[in-house]
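Proteins come first, then strands; the chains are lettered A, B, ... in the order of their sequence lines, and each starts at number 1.
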Number of protein chains: 2
Amino acid sequence: MESQLDTVFAALADPTRRAILAMLLEDDMAVTDVAEPFEMSLAAISKHLVILTRAGLISQEKRGRVKWCKLEPDALRDASVWMQGFGQFEPVNLDAFERFLEAELAELAPDGAPPRCSVPASGGSD
Amino acid sequence: MESQLDTVFAALADPTRRAILAMLLEDDMAVTDVAEPFEMSLAAISKHLVILTRAGLISQEKRGRVKWCKLEPDALRDASVWMQGFGQFEPVNLDAFERFLEAELAELAPDGAPPRCSVPASGGSD
DNA sequence: GCGATCGTCAACCGTTCGGTTGAATATGGG
DNA sequence: CCCATATTCAACCGAACGGTTGACGATCGC
């Protein structure tokens with residue numbers, strides 16, 4: 001009885017999970033590698049990944065003994081559509097998106113250990 | 001130390017709160033009127049409105065003894081921008097948005113007591 | 001001023017969340 | 001086969017959530 005919108009927004013409400021999504025935007029990653037830049041336990045990250053998977057935001061495929069995590073942007077489209085309806089239908093500003101990602105990623109690497117994911121190219125020259 | 005994105009997405013993760021936003025898309029409303037279509041107590045709705053206010057999604061202005069609630073779509077823009085970055089930058093489908101709202105509102109009026117808020121015109125034949 | 005209305009506050013309740021730890025379960029390599 | 005690696009499971013914890021009820025402070029109308 002729980003809508004997809006519920007689980008997607010709930011998943012996005014956590015900064016750790018948003019950071020994970022941003023990392024996966026760069027490339028598919030193994031669970032251990034996802035966990036590396038964070039200061040919490042591997043089990044905690046594993047739980048976050050379960051939540052993201054249940055929300056449909058990522059998928060996980062086990063190959064050998066490592067489980068690969070892959071971003072699934074489709075799940076975001078519904079939620080995005082919902083939100084756009086309230087935003088006066090304005091076009092989004094991609095520059096603002098880049099700044100968001102940078103700020104969020106900077107926040108979770110306070111000890112000078114930046115995750116090796118920068119910001120998506122977002123089309124580059126636009 | 002809690003980002004605006006945190007509070008906005010957390011606020012959106014609850015179907016009651018999303019329904020309230022959809023209602024306010026139609027018109028400003030008093031707290032009692034907001035609560036009317038729901039089956040929970042007025043105090044519960046009041047709490048939801050506090051959460052929406054703290055997230056910046058609505059504003060409340062007290063005039064006389066009634067407190068008016070007003071949608072503040074600006075707060076959604078940031079979150080929307082963030083999400084769009086994952087959606088392969090595809091244009092959103094506004095028809096889909098209308099269907100979403102209809103479905104969500106229908107869900108919370110199971111006893112045949114539809115809230116008197118339909119769906120936003122979304123630029124159509126208003 | 002009195003009573004009804006509007007809305008919040010405070011205390012409480014059960015559930016979920018985000019995290020920990022330690023054990024368990026694959027799986028791959030020498 | 002044995003051990004290291006990769007990941008999850010299970011139990012636990014404190015805090016936050018979503019809801020209730022009852023009391024309370026404003027404010028309006030008469």
Side-chain angles (χ1 to χ4, degrees), chain A residues 1-21 23-24 27-55 57-70 104 107-108 110, chain B residues 1-21 23-24 27-55 57-70 104 107-108 110:
Chain A
M1 202 45 79
E2 194 180 27
S3 110
Q4 184 76 3
L5 237 29
D6 289 24
T7 57
V8 169
F9 281 131
L12 294 178
D14 186 281
T16 300
R17 289 192 289 263
R18 287 198 306 277
I20 291 174
L21 291 180
M23 292 162 61
L24 292 177
D27 229 332
D28 299 0
M29 295 175 77
V31 173
T32 310
D33 293 329
V34 169
E36 193 258 337
F38 298 95
E39 283 176 355
M40 66 189 75
S41 70
L42 185 62
I45 296 293
S46 180
K47 282 191 191 179
H48 281 304
L49 291 173
V50 167
I51 291 172
L52 288 170
T53 302
R54 281 213 238 274
L57 291 167
I58 68 171
S59 60
Q60 294 183 284
E61 179 199 357
K62 191 166 182 180
R63 223 168 332 176
R65 88 188 136 166
V66 15
K67 205 163 179 180
W68 292 90
C69 306
K70 180 174 179 305
E104 289 233 322
E107 254 176 44
L108 67 87
Chain B
M1 212 40 65
E2 195 180 29
S3 108
Q4 184 74 4
L5 238 31
D6 289 24
T7 57
V8 168
F9 282 131
L12 294 178
D14 187 281
T16 301
R17 288 193 289 263
R18 287 198 307 275
I20 291 175
L21 291 180
M23 291 163 62
L24 292 177
D27 228 332
D28 299 359
M29 294 176 77
V31 172
T32 310
D33 293 330
V34 169
E36 193 259 337
F38 298 94
E39 282 178 356
M40 66 190 75
S41 69
L42 183 60
I45 296 293
S46 181
K47 283 189 189 180
H48 280 305
L49 292 173
V50 167
I51 291 172
L52 289 170
T53 302
R54 282 212 237 273
L57 290 166
I58 69 170
S59 60
Q60 294 183 285
E61 179 198 359
K62 192 166 184 181
R63 224 169 331 176
R65 89 183 137 168
V66 22
K67 205 164 180 177
W68 292 90
C69 306
K70 183 175 178 302
E104 286 234 323
E107 254 179 42
L108 65 90

Asker: Provide, to the nearest angstrom, the distance between the CZ atom belonging to A:R54 and the C1' atom belonging to C:dG18.
Answerer: 15 Å
Asker: Ignoring backbone atoms, test whether B:S41 places a side-chain nitrogen or oxygen under 4.0 Å from the OP1 or OP2 oxygen of D:dT20.
Answerer: yes
Asker: For A:G64 and A:I51, take the nucleotide of DNA chain C holding the closest heavy atom to each; which residue's nucleotide lies nearer the 5' end?
Answerer: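 With A:G64 and A:I51 compared, the 5'-side residue is A:I51.
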Asker: Measure from the side chain of B:D14, starting at C-beta and using heavy atoms only, and say which of D:dG18, C:dG18, D:dT8 lies closest.
Answerer: D:dG18
Asker: Write down the distance between CD (A:E36) and C1' (D:dT7), rounded to a whole number of angstrom.
Answerer: 17 Å
Asker: Between D:dT20, D:dT7, C:dT8, spot the one nearest the side chain of B:V31, thanks.
Answerer: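 The answer is C:dT8, which lies nearest to the side chain.
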Asker: Distance check needed: D:dT21 P versus B:I45 CD1, whole Å only.
Answerer: 14 Å
Asker: Consider the side chain of B:R65, meaning its heavy atoms from C-beta on, and name the nucleotide among D:dT20, D:dA6, C:dT5 that approaches it most closely.
Answerer: C:dT5
Asker: Decide side-chain contact (heavy atoms from CB on, under 4.5 Å) for A:F38 and A:H48; before the verdict, give the C-alpha distance in whole Å, the side-chain angles of both, and the deciding distance to 0.1 Å.
Answerer: CA-CA 12 Å; A:F38 298 95; A:H48 281 304; over 6 Å; no
Asker: Can you tell me the distance, in whole Å, between the CD atom of B:E39 and the C1' atom of D:dT20?
Answerer: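 In whole Å, D:dT20 C1' and B:E39 CD are 15 Å from each other.
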Asker: Tell me what B:R17 touches on the nucleic acid: a base, only sugar-phosphate, or nothing, going by heavy atoms under 4.0 Å.
Answerer: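 Counting heavy atoms under 4.0 Å across all strands, the contact made by B:R17 is with sugar-phosphate only.
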Asker: Of all the heavy-atom pairs spanning B:M29 and B:D33, show the shortest one and how long it is.
Answerer: CE-O, 3.5 Å
Asker: Tell me: CZ of B:F9 to P of C:dG18, nearest whole Å?
Answerer: 15 Å
Asker: Of the nucleotides D:dT8, D:dA6, D:dG18, which one has an atom closest to the side chain of A:S46?
Answerer: D:dT8
Asker: Let me confirm one number: the NZ-CG distance from B:K67 to B:L49, rounded to the nearest 0.5 Å.
Answerer: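 Answer rounded to 0.5 Å: 8.5 Å.
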Asker: Starting at CE of A:M40 and ending at P of C:dC17, how long is that distance when rounded to a whole Å?
Answerer: 16 Å
Asker: Side chain of A:T16: nearest nucleotide among C:dT8, C:dG19, D:dG19?
Answerer: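 Comparing C:dT8, C:dG19, D:dG19 against the side chain of A:T16, the answer is C:dG19.
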Asker: Rounding to a whole Å, what distance do you find between A:K67:NZ and C:dG28:P?
Answerer: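 Rounding to the nearest Å, NZ of A:K67 and P of C:dG28 are 15 Å apart.
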Asker: Could you check which of D:dG19, C:dT8, D:dT7 has an atom nearest any side-chain atom of B:A44?
Answerer: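 Comparing D:dG19, C:dT8, D:dT7 against the side chain of B:A44, the answer is D:dG19.
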Asker: Keeping the roles fixed (side chain from A:R17, backbone from A:L12), state whether a donor-acceptor pair exists under 3.5 Å.
Answerer: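 No: the side chain of A:R17 does not pair with the backbone of A:L12.
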Asker: Which value, rounded to the nearest 0.5 Å, describes the distance between A:C69 atom SG and A:Q60 atom CD?
Answerer: 4.5 Å
Asker: Can you work out whether A:R63 or B:V66 has the more 5'-proximal nearest nucleotide on DNA chain C?
Answerer: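 On the 5' side of the pair lies B:V66.
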Asker: Are any of B:H48's side-chain N or O atoms less than 4.0 Å away from OP1 or OP2 of D:dG19?
Answerer: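 Yes, because at least one side-chain N or O of B:H48 sits under 4.0 Å from OP1 or OP2 of D:dG19.
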Asker: Rounded to whole Å, how long is the line connecting atom CG of A:L49 with atom P of C:dC17?
Answerer: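 The answer, rounded to whole Å, is 16 Å.
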Asker: Within the structure shown, what part of the strands sits under 4.0 Å from A:L42 by heavy-atom distance: base, sugar-phosphate, or nothing?
Answerer: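 Counting heavy atoms under 4.0 Å across all strands, the contact made by A:L42 includes a base.
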Asker: Would you say C:dC17 has OP1 or OP2 under 4.0 Å from some side-chain N or O of A:K47?
Answerer: no
Asker: Answer with base, sugar-phosphate or nothing: what part of the nucleic acid does A:A43 contact at a heavy-atom distance below 4.0 Å?
Answerer: base
Asker: CG/B:D14 to CD1/B:I51 distance, rounded to the nearest 0.5 angstrom?
Answerer: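 Here the rounded value is 7.5 Å.
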